[in-house]
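Letters A, B, ... mirror the listed sequences (proteins, then strands); counts begin at 1.
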Number of protein chains: 2
Amino acid sequence: MKTVLNPTKERILSAAELLFAETGIATTSLRRITGRARVNLAAVNYHFGSKDGLIDAVYERRLGPVTDEWLANIEALENRYGESPAPVEEIVEAFVLPVARLASDEVRGGRIFMRLLAQGYSEARHYFEKLFSSQYQHVLDRYRQALRQDLPHVPSDTLCWRLQFLLGAMTQGLSGGELLRLIEGKADPKDTERAVRELIPFLVAGLRAEPPPESEERSYGLSTVSADPGEIA
Amino acid sequence: MKTVLNPTKERILSAAELLFAETGIATTSLRRITGRARVNLAAVNYHFGSKDGLIDAVYERRLGPVTDEWLANIEALENRYGESPAPVEEIVEAFVLPVARLASDEVRGGRIFMRLLAQGYSEARHYFEKLFSSQYQHVLDRYRQALRQDLPHVPSDTLCWRLQFLLGAMTQGLSGGELLRLIEGKADPKDTERAVRELIPFLVAGLRAEPPPESEERSYGLSTVSADPGEIA
DNA sequence: GTCTATAGAGGGATAGAC
DNA sequence: GTCTATCCCTCTATAGAC
């Protein structure tokens with residue numbers, strides 16, 4: 001267990017993760033983090049160099065293992081099925097489960113981190129751009145190609161859109177979000193096992209759906225691309 | 001047009017919206033906002049009372065019309081179909097279109113605001129809680145009940161989960177997100193008309209999907225609810 | 001590796017002239 | 001309604017003792 005190796009570092013990381021998720025990154029000061037972690041203020045700069053260094057470390061600790069699992073899972077599928085297409089269900093599972101495992105593992109940060117993840121990219125943009133360009137994009141592409149093989153009736157760019165929908169639904173669904181509570185259901189947002197069980201058929205059906213007709217048989221009357229709104233609009 | 005009535009207020013709102021979406025709320029200072037709006041620093045406090053007041057106004061300006069449309073649309077459906085169930089396609093359209101109209105309307109803030117919205121609740125939690133408890137929850141509930149009628153094979157709590165997935169997919173899909181760019185597709189994230197055309201069948205198929213079996217015929221081995229992680233974990 | 005003390009920058013808000 | 005000047009606060013980061 002890494003947790004044992006350097007208690008101070010881990011304490012800072014866990015406190016930071018929790019506070020970031022609860023109140024946002026920018027509004028969380030190093031003073032509050034070190035206070036909660038019961039560690040000296042200067043320790044952050046000693047161990048992580050700066051607040052930015054700490055932010056990177058918070059993300060790295062959780063997302064590193066996930067991308068590793070993603071890669072391992074897709075490779076296992078590729079090896080198992082060879083040239084023949086793997087079924088969509090299994091591909092979706094291979095993608096969702098690593099994230100779900102993270103979400104359900106309270107010891108490893110669990111849903112706290114998922115909330116941080118769902119919170120968006122604007123606060124940690126530089127980290128996400130680094131991550132995407134290095135590994136994420138490549139992994140996602142292999143999932144997309146695997147899906148294509150079992151979905152010959154779905155055009156390539158429709159599949160791109162659907163992948164984006166998938167990412168949105170998955171992140172929202174596994175973050176144990178505030179949203180669910182407000183839909184007034186008996187559903188327990190903390191039940192990750194249940195969330196996955198619901199999520200998989202929803203996503204599979206969405207991916208399998210008949211693609212929309214090419215023709216403009218039906219227009220929603222939404223401007224496609226309008227002029228630059230300008231400085232003030 | 002409200003835009004004409006008070007130029008200064010509108011300039012501040014638009015500048016704030018843009019900067020909030022680009023770099024987050026907390027990191028955007030009133031100095032940067034007023035600088036971009038070419039308005040005096042003190043104007044914010046004069047017109048909005050405080051930075052919090054400004055944040056509320058930014059959300060209110062966009063979300064007010066959306067919730068109004070949501071309500072009008074669901075009422076139109078209820079009146080048109082009476083006791084017999086409205087088809088899922090129309091219900092989903094009635095829900096997605098108001099948001100899509102906002103996203104596609106550059107003059108009204110468009111995708112800039114959608115990005116702000118997708119960014120999550122943590123930065124503007126107090127505003128969302130106010131909104132949810134007053135109108136949003138009630139409106140969402142009527143959509144849920146309409147869906148139930150046309151989806152008798154879907155249990156009530158499964159539907160709750162699916163609504164959450166729907167919200168995640170919609171928000172992500174209409175935010176013109178950075179994500180799509182990275183999936184290496186020819187899809188243009190700015191094409192809202194296209195986004196909606198893709199989104200509707202995806203969501204409808206997901207909502208219509210056969211619900212997962214109740215029994216534990218298949219477990220993902222994810223802990224359901226574990227102990228409180230404690231202060232530090 | 002841990003702590004105290006502080007430098008140095010930037011933030012929100014306001015008083016008061018115009 | 002708009003502007004300048006300024007108060008007072010909190011923040012990150014670091015220097016230097018232990």
Side-chain angles (χ1 to χ4, degrees), chain A residues 2-59 61 116 119 122-127 231-232, chain B residues 1-61 116 119 122-127 231-232:
Chain A
K2 228 201 271 174
T3 320
V4 171
L5 288 183
N6 192 329
T8 315
K9 258 181 120 162
E10 293 294 324
R11 288 165 74 89
I12 293 173
L13 284 171
S14 296
E17 181 174 70
L18 182 64
L19 294 172
F20 286 166
E22 274 177 358
T23 49
I25 296 176
T27 51
T28 302
S29 67
L30 296 185
R31 282 175 168 79
R32 279 197 31 228
I33 295 170
T34 53
R36 192 175 213 301
R38 277 187 290 232
V39 158
N40 188 269
L41 171 60
V44 170
N45 277 276
Y46 178 80
H47 285 289
F48 300 99
S50 67
K51 188 181 181 181
D52 269 355
L54 171 60
I55 297 168
D56 278 8
V58 166
Y59 280 99
R61 184 170 68 144
L116 181 55
Q119 202 171 282
S122 70
E123 286 214 279
R125 181 167 309 205
H126 66 287
Y127 177 74
E231 202 166 346
I232 291 118
Chain B
M1 286 253 205
K2 229 199 274 176
T3 320
V4 171
L5 289 184
N6 192 329
T8 316
K9 256 179 122 164
E10 292 294 324
R11 289 165 73 89
I12 293 172
L13 284 171
S14 296
E17 180 174 71
L18 182 64
L19 293 172
F20 286 165
E22 274 177 358
T23 48
I25 295 176
T27 52
T28 302
S29 67
L30 296 185
R31 286 172 168 81
R32 277 198 31 227
I33 295 170
T34 52
R36 191 174 213 301
R38 278 187 290 232
V39 157
N40 189 270
L41 171 60
V44 170
N45 276 278
Y46 178 79
H47 286 287
F48 301 99
S50 67
K51 188 181 180 181
D52 269 354
L54 172 59
I55 296 169
D56 276 9
V58 165
Y59 280 100
E60 192 67 45
R61 183 169 68 144
L116 181 55
Q119 205 172 280
S122 69
E123 286 215 279
R125 180 167 310 205
H126 66 288
Y127 176 74
E231 200 165 349
I232 291 120

Could you tell me the separation between the [atom1] atom of [X] and the [atom2] atom of [Y], rounded to the nearest 0.5 Å?
X      : Y     : atom1 : atom2 : value
A:L116 : A:I25 : CG    : CD1   : 5.5 Å
A:I33  : A:S29 : CD1   : OG    : 7.0 Å
B:K9   : B:R61 : NZ    : CZ    : 11.0 Å
B:N40  : B:Y46 : CG    : OH    : 13.0 Å

Determine the sole option in A:L18, A:T28, A:I12 for which the side-chain contact (heavy atoms from CB on, under 4.5 Å) test with A:R36 is passed.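 Single pass found, and it is A:L18.
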Can you tell which of A:N45, A:L30, A:D56, A:V44 makes a side-chain contact (heavy atoms from CB on, under 4.5 Å) with A:K51?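 So the option named by the test is A:L30.
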Taking 5' to 3' order, which nucleotide of DNA chain C is first and which is last to have an atom within less than 4.0 Å of a heavy atom in chain A?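 First-to-last contact on DNA chain C, by the 4.0 Å heavy-atom rule, is C:dG1 to C:dT4.
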Whole-Å distance separating the CD1 atom of A:I55 from the C1' atom of D:dC11: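 Whole-Å distance recorded here is 13 Å.
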Figure out the CG/P separation between B:L41 and D:dC7, and round it to whole Å.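 Computing the B:L41:CG to D:dC7:P distance gives 16 Å.
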With a 4.0 Å cut-off on heavy atoms, is A:A42 in touch with a base, just the backbone sugar-phosphate, or nothing at all?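 The answer is base, as A:A42 lies within the cut-off (heavy atoms under 4.0 Å) of a base atom.
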Across the strands shown, which category fits A:T28 at heavy-atom distances under 4.0 angstrom: base, sugar-phosphate, nothing?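 It contacts sugar-phosphate atoms only.
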Compare side-chain N and O positions of A:S29 against OP1 and OP2 of D:dT10 and report whether any pair is under 4.0 Å apart.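 Answer is no, no contact under 4.0 Å.
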